[in-house]
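Step one of this worksheet: look at the structure below.
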Amino acid sequence: MGGMHHESHDNRLTNEDLAPSVTRTWQWKDYLFLWMSDIHSVAGYITVGSLFTLGLPLYDVFAALLFAILLVQLTCNLMAVPSFKTGAPFPVIARMTFGVYGAIIPALIRGIIAVGWYGIQTWLASNALVILILKIWPVVEPWANATHHGFLGLSYVGWFAFLIVWALQTLVFWNGMDAIRHFIDWAGPVIYGLMALLDIWLFSKTGWHLSFQFFASHQSISLIAHTLGIINAMALILAFFAPIILNFGDFSRYGTSMQSINRGNFWGLPFNFFAFSLLTLITITLTLPVFGHMIFDPVETVVKTTSLGTAVVGVITIVIATIGINISANFVSAAFDFSNMAPHLLSWRKGGLIAAIGAILFTPWNLYARPELIHLTLDVLGTFITPLIGIILADYYLIKKQNIVTEALYSSDKKNVYWYKSGFNPIALLSLFISTGCGVLFIFLPSLENVRNFSCLFGFVTGMLAQTLLSSFFPHQYRLKQPTA
């Protein structure tokens, strides 16, 4: 990975965790399990489930799922390369584009969003515990009512469950990246077993009969409406995956080869995501004849099954799987991002603690309560992330033609290639400002309400275009200065 001379590194730009990774142990199956734990979560289930409520014909929904996930796979494979080449995590790779100090801005944006997501996932997992607690001890029911016995919009039982899940996650994280890898290696696949058992139980209750009649669209819709519906659903899936696309370098830096990363992404994304979406659809469909109404929350479905044993196993499985995604998708990135702000003061673990405390302050239960809120939250969070993906990909592939100087990423020498103007690249920062601004307009301008979900796609494309065009107007910024040996 190029001879690294650590003594030439600026200690304000590096520490043990941000330096290029020396050990590379992640095989293709680790990436498959990473995706499994990322997708097989309460949020994954609810997000996929919410697409079936958009009123689209089923084949439209599945077309959207397929197109979106292929796009996610492609962007992840592209985002993996610079981190794999250098062994550096995202905040350091961002220095290539934004400048050695300018990179603090995208890292901070990513860190704050990761904290928001981290809180949402922690809360969704803790909901499962609340439902289980009430099933076992119905006597605490009054304490689960936030209006009478609550604080900041969450009931006392809710707080108890939230802090338990919160503490469990901090414990896994504290044991380092290898502990995280071992945890997600079994947390992801476990959910398939649970969903298969759940579906068999539901099937037996319907007399082994399955009908998607409920989703059959009776009114004929125009080709334009079909297309817009598909793009709309795609945009929501992309917004859901945007954080982990951006974070993917934090994991690809540990890969044994690019081939194993791409292979893991193939089995983990199109293949695994499709299987999971199909299972989700079957489960939601079966809840209608069994319980009399559709249930979009897997926790509720698990707890409604008759035996207490099933409920306990089911809830524990769901909590474990959600902890898996939360640590991999959100905790890891926030830890790197906050550590990157002051590497000589903040280690990766300290960065993670900042993230964990921030997740409580976010009061995430106020962000993800209803489907329309979920879609709004996804749009807002995605709109701040997708421009970053577009800008970095354009910069690395179109402008720098895949040239990256590892040494210069860690150096505050004014002669270095990523110094730009005083450590900031004005072009990348301007592109970020333009593309995020455009995306935000999509969300908050009443006249654009019908295309609000496109804000992420629009931000991504605008970021890519702005970075490419502005760099061609000011090419002198980009002559690759050769690092002095």
Side-chain angles (χ1 to χ4, degrees), residues 34-79 113 116-117 120-121 124 188 191 215 226-248 265-281 283-284 296 298 322 325 328-330 368 371-390 393 439 442-443 451-461:
L34 171 72
W35 287 117
M36 278 191 174
S37 73
D38 187 49
I39 292 164
H40 307 177
S41 61
V42 180
Y45 186 103
I46 291 175
T47 306
V48 169
S50 76
L51 295 183
F52 297 116
T53 64
L54 293 174
L56 293 173
L58 274 187
Y59 49 84
D60 278 10
V61 176
F62 276 101
L65 290 172
L66 182 65
F67 292 142
I69 208 66
L70 289 173
L71 233 132
V72 171
Q73 185 197 359
L74 173 70
T75 41
C76 280
N77 288 350
L78 292 173
M79 283 299 280
I113 287 170
W117 264 118
I120 288 170
Q121 294 277 16
L124 287 170
I191 280 280
F215 294 108
H226 268 295
T227 314
L228 280 177
I230 290 175
I231 297 174
N232 194 9
M234 277 178 68
L236 282 167
I237 293 292
L238 288 173
F240 179 77
F241 280 103
I244 198 156
I245 296 173
L246 192 64
N247 302 353
F248 195 65
N265 286 354
F266 169 74
W267 289 106
L269 283 163
F271 199 79
N272 166 56
F273 182 65
F274 226 71
F276 179 75
S277 301
L278 200 59
L279 269 178
T280 300
L281 173 67
T283 312
I284 291 171
F296 287 93
T322 304
I325 173 191
S328 59
N330 306 315
Y368 225 69
E372 65 278 16
L373 252 178
I374 293 174
H375 290 180
L376 178 66
T377 301
L378 279 174
D379 288 336
V380 173
L381 297 181
T383 301
F384 280 90
I385 285 187
T386 50
L388 288 173
I389 301 170
L393 289 180
F442 260 69
I443 294 178
V451 286
R452 197 179 74 196
N453 295 135
F454 301 158
S455 58
C456 294
L457 286 167
F458 193 69
F460 174 73
V461 174

So, do [X] and [Y] sit near enough that their side-chain heavy atoms are less than 4.5 Å apart?
{"X": "Leu236", "Y": "Thr47", "answer": "no"}
{"X": "Phe241", "Y": "Thr75", "answer": "no"}
{"X": "Thr383", "Y": "Phe442", "answer": "no"}
{"X": "Ile113", "Y": "Leu246", "answer": "no"}
{"X": "Ile385", "Y": "Phe460", "answer": "no"}
{"X": "Ile389", "Y": "Phe248", "answer": "no"}

Distance in Å, [X] [atom1] paired with [Y] [atom2], rounded so as to fall on 0.5 Å steps:
{"X": "Ile245", "Y": "Leu393", "atom1": "CD1", "atom2": "CG", "result": "9.0 Å"}
{"X": "Phe454", "Y": "Met234", "atom1": "CZ", "atom2": "CE", "result": "10.0 Å"}
{"X": "Phe276", "Y": "Ile39", "atom1": "CZ", "atom2": "CD1", "result": "8.0 Å"}
{"X": "Phe62", "Y": "Leu281", "atom1": "CZ", "atom2": "CG", "result": "5.0 Å"}
{"X": "Cys456", "Y": "Leu381", "atom1": "SG", "atom2": "CG", "result": "9.0 Å"}
{"X": "Met79", "Y": "Leu74", "atom1": "CE", "atom2": "CG", "result": "12.0 Å"}

State, to 0.1 Å, how close [X] and [Y] come at their nearest heavy-atom pair, and which atoms those are.
{"X": "Asn265", "Y": "Cys76", "result": "ND2-CB, 3.9 Å"}
{"X": "Ile284", "Y": "Gly49", "result": "CD1-CA, 3.6 Å"}
{"X": "Pro270", "Y": "Ile69", "result": "CA-CG2, 3.7 Å"}

CA sep, side-chain torsions, deciding dist, call: Phe271, Gln73, side chain to side chain contact (heavy atoms under 4.5 Å, CB included): CA-CA 11 Å; Phe271 199 79; Gln73 185 197 359; over 6 Å; no
Could you point out which residue of Leu238, Ile237, Leu66 forms a side chain to side chain contact (heavy atoms under 4.5 Å, CB included) with Leu71? Leu238
Which of these passes side chain to side chain contact (heavy atoms under 4.5 Å, CB included) with Leu56: Asn232, Leu51, Val61? Val61
Can you confirm whether or not the ring centre of Trp35 sits under 6.0 Å from the ring centre of Phe266? no
Anything under 30° is parallel, anything over 60° is perpendicular, the rest tilted; go ahead and classify Phe240 against Trp117. perpendicular
Tell me whether Phe384 at atom CZ has more than 12 heavy atoms from other residues, nucleotides or ligands lying less than 6.0 Å away. no
Side chain to side chain contact (heavy atoms under 4.5 Å, CB included) between Leu457 and Thr386, intermediate numbers included: CA-CA 7 Å; Leu457 286 167; Thr386 50; over 6 Å; no
